[in-house]
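Everything below concerns the one structure shown next.
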Amino acid sequence: MHATIQKLLEQALSAVAKDASLATLASMDPQTERTRDARHGDFTSNVAMRAAKLLGQKPRELAQRIAAAIPEADIVHKVDIAGPGFINLTLSATAYREEMARVLSARQQYGSSESAQGRRVLVEFVSANPTGPLHVGHGRHAAFGASLANILRATGHHVDTEYYVNDAGRQMDILALSVWLRYLELAGIEFEFPHNCYQGAYCKTIAQTIASQSGTALTGDPAVLSQLIADESHEPEAKLDALIGCAKSLLGPEGFAIFFGAAIEEILGDIRDDLHEFGVDYDRWYSERSLTENNLIDNAISKLRASDLLYEKDGATWFRTTDFGDDKDRVVIRENGATTYFASDIAYHKEKCERGYDLLINAFGSDHHGYIARLQAALAGFGQPIDTLEVRLVQFVVLFRGSEKVQMTTRGGNYVTLRDLREEVGNDAARFFYVSRSNDQHLDFDLELAKSASNDNPVYYVQYAHARISSTLRKLDDSGAKLPLPNAAALAPLCENEELQLMRQISRYGEVVQTASDNRAPQMIVQYLRDLAAEFHSFYNAQRIIVDDPQVRDARCLLITATQQVLANGLALLGVAAPDTM
RNA sequence: GCGCCCGUAGUUCAGCUGGAUAGAACGCCGGCCUACGAAGCCGGAGGUCGGGAGUUCGAAUCUCUCCGGGCGCGCCA
């Protein structure tokens, strides 16, 4: 619909541009857009005002000339010049009725397009370290990433989703250590559990499982351990590293691997289940360890070295990321010979590109924003355009219980999990609520409010509209009447103001999906669905649907069927159910 | 100190690449069920879009500056 209007304006501009003094108009974009106020018609163009200055003309006169040149079309009811020089177009009721017919024949496809022409995109999101259950902050990432992937698909992108599993590194060693220490407690060994180990109850559960499967003999010499824990001469983090070393030497590589493996298997499995229940499934879970196993980190570093982008300083190897806009160079190989986390990420993102994606979108926590420049530098170092990687920052979720802010520390194990949240407020409310705000805004999530006043949650407002339509259509079905084919004749009776308003709203859907996709903005879908539901409820209260006149009844039933379809399509993008009863 | 994000109604937030009288929800006030689902609808009150300057025919939107808040600035991950 928007495209048709745009084309009409372009034709008008070309026609007016035949006058040599106005030739520039031929190359101008009319920039037609929806009006914000129905009194200004349906679409508007500001081209006359933009051109007026360039051409030294009066905007309203120019607008007149352009308006007069707009070709005759059935879908345009009238053209007005308003304000300083807007060209306003009001569409005919026929145009909207035709659009309803399109909704009803396209069904689930309505609103989707091929505008991105199969552009290959990889969306990476959540990627939380598997050191414990997902918390409410991760839930926001999951809801955002999954919805964004759906929206991108709806505009013709070929999208894959991926979770990067940080299954290597110190945090994982600390986790394995934490499990082992819980295991030792089970074996009856007494000591004070370090405060900077993972405190969560899940460590005990995993220890329990290992004990029941492998017995309680994997202790090494407890005296060494007790001595180390009691030793107060080291600062806590150094002591933690000493404990990890101690565990590895007491247990041997195989013994330590039992705890490491059990911990990651259990926790990653839990994360996978949790996300699946939340309606978030990935095309791929990418293991950080596999980078090492496949030698990808060394390969990446060699390639950078070959391009003369590395240098040695203070015993470490540095990557000249400042060549590509970063504010300081970054270490890739430490003085002790170990590669950094950044080195893994370089290899990972290089590999992503090699898999043939045109665009990489990463959803990061806002605390990682300092990481963007160096990652883009890494890709640039391999000759990729810097905008191959697009990072979307997701701001923190601040959790409240009533007016009390809930403090959360991962290692302390004191936090509300995504699972807790889902059980309390439900998947639908959680998914909808999470993406109702722009990702770069903080989200205050009050659990008490979400529980006690769930009726106030906008998701119910939208779902209610859908259920109400289902109910009305059941009523029609009970009466034995059948929906007619959505042709022009069947839709012809739709002419009441509320009907036109509703059709107008429905016909915006495809444009909203496109804009949401362009802006990576799922909240625009939320906003739209609320507007559509509101328009439907207004119509519902103003006009009776199942009336005696079969022509009017059928037309209205087609209209609400179209409404229902668009509500369902939009909710599907957000991963929220469209219920027939509530 | 430097960098990124943010500041819109009492509260929580929308505002699509600069458009016309800045919107919604919750809360508040007043109406609407002998009609398809009142989890709904209709009406009302409520604003110096943090302050100031600039660009523009036009600024919540772009630029600068100041104020206030969040986050980051490791050979951690």
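Throughout, protein chains are lettered first and strands after them, A, B, ... in sequence-line order, and every chain is numbered starting at 1. Any value given below was found using the heavy atoms of this structure, including those in side chains, with hydrogens, waters and symmetry copies removed.
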Worksheet entry | Shortest side-chain distance from Phe86(A), nucleotide among G19(B), G37(B), G74(B) | G19(B)

Fill in: Span that lies between the P atom of A60(B) and that of U17(B), in whole angstrom
16 Å

Practice prompt. Taking atom P in both G54(B) and G27(B), compute the distance separating them and give it to the nearest angstrom.
Written response: 43 Å

Worksheet item: Where the side chain of Tyr341(A) is defined as all heavy atoms beyond and including C-beta, which of A77(B), G37(B), C41(B) is the nearest nucleotide?
Response: A77(B)

Item to complete: Determine: side-chain N/O of Arg170(A) to OP1/OP2 of G74(B), distance under 4.0 Å, yes or no.
Response: no

Practice prompt. Looking at every strand, decide which applies to Pro84(A) at a 4.0 Å heavy-atom threshold: base, sugar-phosphate, or nothing.
Written response: base

Item to complete: Taking the six-membered ring for Trp and the single ring otherwise, decide whether the centroids of Phe125(A) and Tyr163(A) are under 6.0 Å apart.
Response: no

Discussion item. Among G40(B), G70(B), C75(B), which nucleotide has an atom closest to any side-chain atom of His537(A)?
Written reply: G40(B)

Practice prompt. Report yes if a side-chain nitrogen or oxygen of Arg330(A) is closer than 4.0 Å to either non-bridging phosphate oxygen (OP1 or OP2) of C75(B); otherwise report no.
Written response: no

Discussion item. Parallel, tilted or perpendicular, judged at 30° and 60°: which one describes the rings of Phe364(A) and Tyr371(A)?
Written reply: perpendicular

Worksheet item: When you measure from the side chain of Asn129(A), which nucleotide among A77(B), C75(B), A20(B) comes out closest?
Response: A77(B)

Discussion item. Does G37(B) have its OP1 or OP2 closer than 4.0 Å to a side-chain nitrogen or oxygen of Ser471(A)?
Written reply: yes

Practice prompt. Please state whether the base of A20(B) and the side chain of Thr35(A) form at least one donor-acceptor pair under 3.5 Å?
Written response: no

Response to the item:
The Watson-Crick or G-U wobble partner of C41(B), with both key distances under 3.5 Å, is G31(B)

Practice prompt. Determine whether the side chains of His157(A) and Thr155(A) contain a donor N or O and an acceptor N or O closer than 3.5 Å.
Written response: yes

Practice prompt. Remember a base hit wins even if backbone is also touched, and classify Asn439(A) as base, sugar-phosphate or nothing at under 4.0 Å, heavy atoms.
Written response: nothing

Practice prompt. Tell me what Gln523(A) touches on the nucleic acid: a base, only sugar-phosphate, or nothing, going by heavy atoms under 4.0 Å.
Written response: sugar-phosphate

Fill in: U48(B) versus C29(B) - spacing of their P atoms, nearest Å
23 Å

Discussion item. I want to verify a distance call: between A20(B), C36(B), A77(B), whose nearest atom is closest to the Arg544(A) side chain?
Written reply: C36(B)

Response to the item:
Lys475(A) has its side chain closest, among C36(B), A77(B), A14(B), to C36(B)

Discussion item. Regarding Phe396(A), tell me which of base, sugar-phosphate or nothing describes its non-hydrogen contacts under 4.0 Å with the strands shown.
Written reply: sugar-phosphate

Worksheet item: With a 4.0 Å cut-off on heavy atoms, is Gln395(A) in touch with a base, just the backbone sugar-phosphate, or nothing at all?
Response: sugar-phosphate

Discussion item. What's Ala542(A) touching, base or sugar-phosphate or nothing? Going by heavy atoms closer than 4.0 Å.
Written reply: nothing

Fill in: Atom-to-atom span, CZ of Arg468(A) to P of A38(B) - whole angstrom
4 Å

Worksheet item: Does the side chain of Lys58(A) get closer than 4.0 angstrom to OP1 or OP2 of C57(B) through an N or O atom?
Response: no

Discussion item. What's Met49(A) touching, base or sugar-phosphate or nothing? Going by heavy atoms closer than 4.0 Å.
Written reply: base

Practice prompt. Taking only the side-chain nitrogens and oxygens of Ser366(A), find out if one of them lies under 4.0 Å from OP1 or OP2 of G72(B).
Written response: no

Item to complete: Taking syn as within 90° of 0 and anti otherwise, name the glycosidic form of C62(B).
Response: anti

Worksheet item: When the C1' atoms of G30(B) and G47(B) are considered, how many whole Å apart are they?
Response: 23 Å

Worksheet entry | Asp367(A) side-chain proximity, nearest of A39(B), C41(B), G72(B) | G72(B)

Worksheet item: Mind checking who G72(B) pairs with, Watson-Crick or G-U wobble, both distances under 3.5 Å?
Response: C2(B)

Discussion item. Under the criterion side chain to side chain donor-acceptor pair (under 3.5 Å), I'd like the reasoning laid out for Arg431(A) against Asn427(A): C-alpha separation, chi angles, the key distance, then a yes or no.
Written reply: CA-CA 6 Å; Arg431(A) 289 281 304 247; Asn427(A) 284 336; over 6 Å; no

Worksheet item: So what does Thr581(A) touch, heavy atoms closer than 4.0 Å: a base, only the sugar-phosphate, or nothing?
Response: base

Item to complete: Choose from C71(B), C36(B), C41(B) the nucleotide whose nearest atom is closest to any side-chain atom of His369(A).
Response: C71(B)

Worksheet item: With distance as the sole criterion, do the side chain of Asp37(A) and the base of A22(B) form a donor-acceptor contact below 3.5 Å?
Response: no

Worksheet item: Picking from G40(B), A77(B), C36(B), which would you name as closest to the side chain of Gln171(A)?
Response: A77(B)

Discussion item. At 4.0 Å (heavy atoms only), tell me whether Asp580(A) reaches a base, stays on the sugar-phosphate, or touches nothing.
Written reply: base

Fill in: side chain to side chain donor-acceptor pair (under 3.5 Å) partner of Asp42(A), chosen from Arg508(A), Arg34(A), His2(A), Arg504(A)
Arg504(A)

Worksheet item: Can you find a side chain N or O atom of Tyr461(A) that sits less than 4.0 Å from OP1 or OP2 on C41(B)?
Response: yes

Worksheet item: Looking for any heavy atom pair under 4.0 Å, which part of the strands does Glu335(A) touch: base, sugar-phosphate only, or nothing?
Response: base

Practice prompt. Verify the neighbour count for atom CG of Asp478(A): are there more than 12 heavy atoms of other residues, nucleotides or ligands below 6.0 Å?
Written response: yes

Worksheet item: Looking only at atom C1', what distance separates A22(B) and A9(B), rounded to whole Å?
Response: 11 Å

Discussion item. Using a 4.0 Å heavy-atom cut-off, does Ala82(A) contact any base of the nucleic acid, only the sugar-phosphate backbone, or nothing at all?
Written reply: base

Fill in: CA sep, side-chain torsions, deciding dist, call: Arg468(A), Met582(A), side chain to side chain contact (heavy atoms under 4.5 Å, CB included)
CA-CA 9 Å; Arg468(A) 213 178 197 188; Met582(A) 291 176 73; over 6 Å; no

Discussion item. As a quick check of understanding, evaluate side chain to side chain donor-acceptor pair (under 3.5 Å) for Tyr311(A) and Asp329(A), giving each step before the final call.
Written reply: CA-CA 10 Å; Tyr311(A) 63 91; Asp329(A) 290 339; 2.7 Å; yes

Worksheet entry | Rounded P spacing from A45(B) to A25(B) in Å | 15 Å

Discussion item. If you assign Gln543(A) and Leu443(A) each to the RNA chain B nucleotide with the nearest heavy atom, which residue ends up on the more 5' nucleotide?
Written reply: Leu443(A)

Worksheet item: Of the candidate nucleotides C4(B), U17(B), G19(B), which contains the atom at the shortest distance from the side chain of Leu393(A)?
Response: C4(B)

Item to complete: Look at the aromatic rings of His442(A) and Phe396(A) and report parallel, tilted or perpendicular, splitting at 30° and 60°.
Response: perpendicular

Discussion item. Between the base of G19(B) and the side chain of Asn46(A), is there a donor and acceptor pair under 3.5 angstrom?
Written reply: yes

Worksheet entry | Watson-Crick or G-U wobble partner of A25(B), both distances under 3.5 Å | U11(B)

Worksheet item: In terms of the nearest nucleotide of RNA chain B, which residue is placed more toward the 5' end: His40(A) or Thr339(A)?
Response: His40(A)

Worksheet entry | C64(B): pairing nucleotide in any strand, Watson-Crick or G-U under 3.5 angstrom | G52(B)

Fill in: Gln441(A) vs A14(B): side-chain N/O to OP1/OP2 distance below 4.0 Å
yes

Response to the item:
C57(B) -> Watson-Crick or G-U wobble partner, both distances under 3.5 Å, gives G19(B)

Worksheet entry | SB check Arg330(A) Asp327(A) (cutoff 4.0 Å) | yes

Discussion item. Mind checking if Asp327(A) touches a base, just sugar-phosphate, or nothing, with heavy atoms under 4.0 Å?
Written reply: nothing

Worksheet item: Quantified in whole Å, what is the P atom distance between nucleotide C41(B) and nucleotide C4(B)?
Response: 43 Å

Practice prompt. Look at all strands and tell whether Ser438(A) reaches a base, only sugar-phosphate, or nothing, counting heavy atoms closer than 4.0 Å.
Written response: sugar-phosphate

